[in-house]
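Have a look at the structure below, then the notes.
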Amino acid sequence: MPSETHTLRLFNSLTRQVEAFVPVHPGEARVYSCGPTVYNYPHIGNMRAYVFADTLGRTLTHFGYRLTHVINITDVGHLTDDGDAGEDKLEKAAAGGRNIWDIARYYTEAYWDDVAALNIRQPAHWSIATDYVEQMIGFAQSIADKHCYLLPSGLYFDTATVADYGRLARQSTDDGEGRIEAVAGKRHAADFAIWRTTPAGETRQMEWDSPWGRGAPGWHLECSVMSAALLGLPFDIHTGGIDHREIHHPNEIAQNQAYSGCDHSGARMWMHNNFLVERSGKMSKSAGEFLRLQLLIDKGFHPLAYRMMCLQAHYRSELEFGWEGLAAAFTRLKRLVMGVEALRDIEPLPPVDQRLVALGARFDAAIADDLNTAVALTLLEEAVAMKKIEAGQKRSVIAAMDAVLGLRLLTTARADLRTRPKTAMMDETAIISILAQRKEARAQKDFAQSDALRDELIAAGVEVMDGDALGWDWRIIV
Ligand code: AMP
Ligand code: ZN
């Protein structure tokens, strides 16, 4: 593994086609993923974008490419509105007098906690936007004369100065999604601020001096600057959620064209994950209790159950979140962990058994087909279920498959999957002790006592699971 016969093919949003991956630098893959805006906790929809980018990165590694992955941290410039009239999300979060740098740090760390819990690999660089302001000013200066114009509110990019603006979104400079109203004096609806000058008489917690006055960089500028600085133009793949295909990425492309003086888009391929949707609005960060990973953990789900849920769907399909769906994904994860339990301490051996080789090749074909993780998962299950096969070889094949899917199957113990809901009234030791007493009572045929102990557990929200197919003897009722 991997077999040489599969060409990695990926859907490129620029051409709306599945294309062979041909690296800019032979043997390498350079990938940039738009990262979180750190004014609040990420919701699980945001985390779908990073599970996708991580699965892409793992796939590139699997096929032998030396991966350089960059994920940025947006701590300045992202407005509450996609037009240019909104407020900076971080400045708004800091409006109550909190220190903006503390807010950014706090939520960056919260995001990194989720990254670790979902087994998303560390990229080569976490690029923090505010570390690059000087380079952003330099970039803006180099394109200002030919591509920008100044308004009282800042420096704006004239989208008519580059060829074929909006080709990624399939829209032109005139379809600005009603953004023309937002800023008086804009030449075209789609023009956007690359530097936002602080209005006279106001101060921002984050602001810098520039040739266009004291102010802050625009959000689109940061990604162009950091991707060019860390990966060089052109690089291979730029990722983000599907919403970025409409405004943020067309604007990055326009800046990249202006900066490089040629019509390439900066990245050869642009890839977008579709949204995780939730009908009752719990995904909205403004809706009180919103769907963040910690909420899932508090309800007793292991975070990798959410990763499993993501992998079950194709990244380009919308995925509807539901608790039943999450529970089903969790059960599937448990089955896999139990299925490989006996292989954990086995010495891996090179797979030579033809059945394993063939299965490995089918797995490669599935992920090489624009990351078909849903099929790849079923092939992993086939490998786990294989009987009469040399254990060391089987272990190697499963480990190679899991290196792509990232479910940590061989290092997670069954007990690790039992996360305790926050609302649980009894701890694990107490539960196990009562279960032992109940076992003893049953052995003595004291069924009244056994039932009483069972009722005691139920009253504490614990269900006793006699004869459970997965071998679980209790669970906390969520
Ligand atoms: P933000 O922190 O808002 O900049 O978003 C971080 C990433 O999450 C971006 O790539 C977004 O496109 C992506 N994203 C936002 N909402 C969702 C969602 N519901 N499902 C999947 N991805 C999303
Ligand atoms: Zn970006």
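Ligands are counted one by one from 1 in listed order, and the atoms in each one are counted from 1 as well.
Within the 4.0 Å heavy-atom shell around ligand 1 one does not find Glu278. Using a 4.0 Å heavy-atom cutoff, Gly35 is listed among the residues neighbouring ligand 1.
Here the shortest heavy-atom pairing between Val76 and Pro217 reads CG1-CG, 4.1 Å. Here the closest non-hydrogen pair linking Leu336 and Val384 is CD2-CG2, 3.8 Å. Across His69 and Ser33, no two heavy atoms sit closer than the pair NE2-OG, 2.8 Å.
Any N or O atom pair closer than 3.5 Å counts here, and Ile242 shares no such pair with ligand 1.
Contacts between Asn274 and ligand 1, counted as non-hydrogen atom pairs separated by less than 4.0 Å, involve the backbone only.
Among all non-hydrogen protein atoms, the one lying nearest atom 6 (C) of ligand 1 is Tyr50 OH, 3.1 Å. The shortest contact between atom 9 (C) of ligand 1 and any protein heavy atom is with His244 NE2, 3.5 Å. When only non-hydrogen protein atoms are considered, atom 19 (N) of ligand 1 lies nearest to Leu276 O, 3.0 Å. Nearest protein heavy-atom contact of atom 4 (O) of ligand 1 is Thr37 OG1, 3.2 Å. Atom 12 (O) of ligand 1 has its closest protein heavy atom at Asp243 OD1, 2.4 Å.
Inter-residue side-chain proximity for Tyr306 and Ile44 is flagged as met; some heavy-atom pair is nearer than 4.5 Å. Taking 4.5 Å as the limit, some side-chain heavy atom of His249 sits within range of a side-chain heavy atom of Cys34.
The residue among Gly45, Gly241, Gly240, Ala53 with a heavy atom at the shortest distance from atom 23 (C) of ligand 1 is Gly45. Within the set Ile44, Ile73, Asn46, the minimum heavy-atom distance to atom 15 (C) of ligand 1 is found for Asn46.
In summary, no N, O or S atom of His249 is located under 2.8 Å from the Zn ion (ligand 2).
Rounded to 10°, the angle that SG of Cys34 and SG of Cys223 form at the Zn ion (ligand 2) is 130°.
In this pair, Tyr111 and Tyr50 present their aromatic rings perpendicular. The plane angle is above 60°, beyond the 30 to 60° band. Between Phe52 and Tyr315, the ring planes lie parallel to each other; the angle is under 30°, not in the 30° to 60° tilted range. The aromatic rings of Phe290 and Tyr41 are tilted relative to each other, their planes meeting at an angle between 30° and 60°.
Within 6.0 Å of atom CD in Glu134, 12 or fewer heavy atoms from other residues, nucleotides or ligands are found, so the atom counts as exposed in its surroundings.
Atoms of ligand 1 found under 4.0 Å from any heavy atom of Pro36 (numbered from 1 in listed order, with element): 2 (O). Per-residue contacts place Asn273 under 4.0 angstrom from the following atoms of ligand 1 (heavy atoms of the residue considered): 21 (C), 22 (N).
Judged by distance alone, the side chain of Asn46 and the main-chain N or O of His43 form a donor-acceptor pair under 3.5 Å.
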